[in-house]
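Worksheet: one structure, shown below.
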Amino acid sequence: MIAGFEYHPEYLTREEQENLLTEIREMIKSNHLFQPSMPKTDKPFSVAMTSFGSLGWVSDKAGGYRYQSFHPVTKRPWLPIPDKLLSIWSDLTGYTEPPECCLLNYYQNEKAKMGLHRDQDEQDFNAPVLSVSLGDSALFRLGGLKRQGPTTSTKLNSGDIVILGGEARNAYHGIDRILYGSSQLLKNGGRINLTLRRVNKA
DNA sequence: AAGTAGCG
DNA sequence: ACCG
């Protein structure tokens, strides 16, 4: 296991998860989910996305992977990151500067997954990446700094938090599978992952 | 390029 | 078919 991987199982209580979800559901009404697609090939992701914060992560054929200050469909600025998430960032990372991006990945069905990749569209690799899981459980795979090499698998349940810091900040990782129907938190099923990141250097 | 396919 |  690469250094800098932190797993905090059951960090959020059921009530905290429900409160966070209620807030997010309201935000998504105007800060809509959209379907990103791959650079060059235009192939769609199996997950739907949106972001909160001063910068959001987007991808499409025309522009490639990037951060931008506005929603790609509505062209409006992203809504602010919920205070609860800022508190979690502060409490768990101890990182002085607040996250600029909260990327929301919605794994809507049993086919949704995220291939092995590294988060490398940011300028500040000293800051950790923090992820909150809500809803159905997922199989999370973590490798090393090269695409080839040994990996470990961790089942992430609703309310769990993962931090990729230190060496693990730049490690390959992905979601192999959603254990669809394993949680009742989301009434329509599926999994929501919230990822907090610094983008620019402090 | 965070995609898919294909292999053992 | 599933898994790594």
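These numbers come from the heavy atoms of this one structure, side chains and all, not from hydrogens, waters or symmetry mates. Naming: A, B, ... by sequence-line order, numbering from 1 per chain. It should be emphasised that the depicted structure is a prediction, and the values quoted were computed from it without experimental measurement.
Counting only residues at least two apart or in different chains, salt bridge (charged side-chain N to carboxylate O under 4.0 Å, His left out) contacts with residues 167-188 of chain A comprise A:Glu122-A:Arg169, A:Arg141-A:Asp176. The salt bridge (charged side-chain N to carboxylate O under 4.0 Å, His left out) analysis of residues 40-56 of chain A, with sequence neighbours excluded, yields no pairs. The salt bridge (charged side-chain N to carboxylate O under 4.0 Å, His left out) pairs that include a residue from residues 61-77 of chain A are A:Asp60-A:Arg66, where partners are two or more places apart or lie in different chains. Counting only residues at least two apart or on different chains, the salt bridge (charged side-chain N to carboxylate O under 4.0 Å, His left out) pairs with a member in residues 87-109 of chain A are A:Glu100-A:Arg198.
When all heavy atoms of A:Met114 and A:Met49 are compared, the closest pair comes out as CE-CE, 4.1 Å. Between A:Leu12 and A:Ile88, the closest heavy-atom pair is CD2-CD1, 3.8 Å. A pairwise comparison of heavy atoms in A:Trp89 and A:Pro98 identifies NE1-CA, 4.0 Å as the closest pair. Across all non-hydrogen atoms, the minimal contact from A:His32 to A:Lys29 is CE1-O, 2.9 Å.
In DNA chain C, consecutive stretches of 3 or more Watson-Crick or G-U wobble pairs with both distances under 3.5 Å do not occur.
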Item to check | Nucleotide-resolved protein contact map, nucleotides 1-8 of chain B, B/S/- at heavy-atom distance under 4.0 Å | outcome: BBB-----
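As rounded to whole Å, 14 Å separates atom P of C:dC3 from atom NZ of A:Lys155.
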